[in-house]
Amino acid sequence: MAFDRPVLRRTGGLLFWRLLGTGRGPSTTLGADLRRWALLAVWRDERAAEEFLARSPIPGRWRREAIETWHVRLAPIASRGRWNGVEPFLPVTGGPGDEPHRGPVAVLTRASIRPSRLPAFYRSTPAVDRSLRAQEGCLASVGLGEWPVARQATFSLWRDAAAARAFAYAGRAHRDVVERVRAHDWYSEELFARFVPYASEGTWDGANPLANPLAGPPAGPPGGPVADPVADPAADPFADR
């Protein structure tokens, strides 16, 4: 992955990107899967994303080396907070986020955890992780990380917005963690974003989690930025609050 960074810096139309490691399986607790990684990319437009997928050596090499890949295209519908001082996910004008949405949603959370709060944060994650796995309507989830410990992200797919809200607001484990985060100032920076997944291909743990929920013709955004995690993206224990 480290050798991909110079190529990504020179890629035209790539507005924001992060190479990310992942946790084991769907778990969002401590642990790493050294064979699975993700690229989160925000593109100027669809053409720039297609050019990258067709011509860049990075996705071609990943496809050759991987035993499994999964790719999803996401249109931002809501975002608050910053990622390294940047607001990367601006809602797409004229895209699927402008219309009432009743289908699957994706949730991305990211936080920089204060060093003094790391023990408390990781003591709290097992209960939230168990709640997430038991939550009806969660199609897939996995933990992501820029750093092994202190800069953590999660990505999750939900049957619909109501299922994501049920986890965020109805689950006691999640509510307790949210209250402690606010009361004890655990994060130096945080970001929460929701997306409409409008296209996907490949498999994630042997299946495409959006194959059945994506009923009807997907509506891709005609212009504006596209959030595009490529190759085994992942999960979210702190879904839409």
Side-chain angles (χ1 to χ4, degrees), residues 1-28 31-76 83-84 86 88-89 92 104 106-110 139-149 151-157 191 193 195-211 213-214 218 220-221 225-236:
M1 289 172 60
F3 292 107
D4 293 330
R5 296 180 186 278
V7 179
L8 289 168
R9 292 189 187 104
R10 298 192 301 268
T11 298
L14 184 53
L15 306 180
F16 179 90
W17 58 271
R18 288 294 183 272
L19 284 166
L20 302 164
T22 78
R24 297 191 186 104
S27 177
T28 56
D33 184 344
L34 300 182
R35 300 196 313 152
R36 182 172 64 174
W37 68 95
L39 170 64
L40 171 69
V42 180
W43 299 95
R44 180 183 60 227
D45 51 33
E46 292 279 339
R47 181 178 297 179
E50 293 291 352
E51 182 78 8
F52 171 77
L53 291 172
R55 300 185 182 277
S56 172
I58 294 175
R61 177 174 57 79
W62 285 12
R63 284 190 291 267
R64 290 191 302 272
E65 296 178 354
I67 59 174
E68 184 179 56
T69 64
W70 185 72
H71 171 103
V72 64
R73 300 194 182 202
L74 305 169
W83 193 322
N84 286 359
V86 175
F89 307 119
V92 176
V107 178
L108 175 74
T109 70
R110 182 263 180 187
L139 305 176
S141 66
V142 67
L144 298 166
E146 296 171 85
W147 291 2
V149 176
R151 291 189 179 179
Q152 298 298 300
T154 59
F155 178 83
S156 56
L157 296 168
L191 180 145
F195 308 85
V196 173
Y198 64 90
S200 66
E201 63 181 76
T203 60
W204 178 354
D205 290 336
N208 184 346
L210 293 174
L214 280 178
V226 178
D228 189 359
V230 180
D232 283 317
D236 193 348

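Going from atom CZ of Arg61 over to atom CD of Glu65 covers 5.0 Å, rounded to the nearest 0.5 Å. Rounding to the nearest 0.5 Å places OG1 of Thr109 at 8.5 Å from CG of Leu191. Here the straight-line distance linking atom CD of Glu201 with atom CG of Leu210 works out to 12.0 Å at 0.5 Å rounding. For the atom pair CG (Leu144) and CZ (Arg110), the distance works out to 12.0 Å, reported to the nearest 0.5 Å. Annotation: the span from Leu20 atom CG to Met1 atom CE amounts to 6.5 Å, rounded to 0.5 Å. Rounded to the nearest 0.5 Å, atoms CG (Leu108) and CG (Leu40) are 6.0 Å apart.
Listed here is the closest heavy atom pair of Val42 and Pro88: CG1-O, 3.7 Å. Here the shortest heavy-atom pairing between Gly206 and Thr203 reads C-CB, 3.8 Å. The minimum heavy-atom distance linking Leu139 with Pro209 is given by the pair CD1-O, 3.8 Å. For Ser141 against Ser156, the heavy-atom pair with the smallest separation is CB-CB, 4.0 Å. Across every non-hydrogen atom of Gly202 and Asn208, the tightest pair is O-CB, 3.4 Å. Of all non-hydrogen atoms in Thr69 and Ala66, the two that sit nearest each other are CG2-CB, 3.6 Å.
Leu39 is not listed as a side-chain neighbour of Asp4, based on a closest heavy-atom distance of 4.5 Å or more.
Classification of Glu68 and Arg36 as a salt-bridged pair fails, no side-chain N sitting under 4.0 Å from a carboxylate O. At a threshold of 4.0 Å, the pair Arg44-Glu51 does not count as salt-bridged, since none of the basic side-chain nitrogens sits closer than that to a carboxylate oxygen.
Using the six-membered ring where Trp is involved, Trp70 and Trp204 have ring planes that are tilted, between 30° and 60° apart. Ring pair Trp62/Trp37 is perpendicular by interplanar angle, where above 60° counts as perpendicular and below 30° as parallel.
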All N/O donor-acceptor pairs, side-chain side in residues 9-19, below 3.5 Å, sequence neighbours left out:
unit_1: Arg10; atom_1: NH1; unit_2: Pro6; atom_2: O; d: 3.4
unit_1: Thr11; atom_1: OG1; unit_2: Val7; atom_2: O; d: 2.8
unit_1: Arg18; atom_1: NE; unit_2: Glu146; atom_2: OE1; d: 3.3

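By the side-chain contact (heavy atoms from CB on, under 4.5 Å) test, Arg63 is found to be paired with Pro59, residues two or more places apart in sequence or in another chain being considered.
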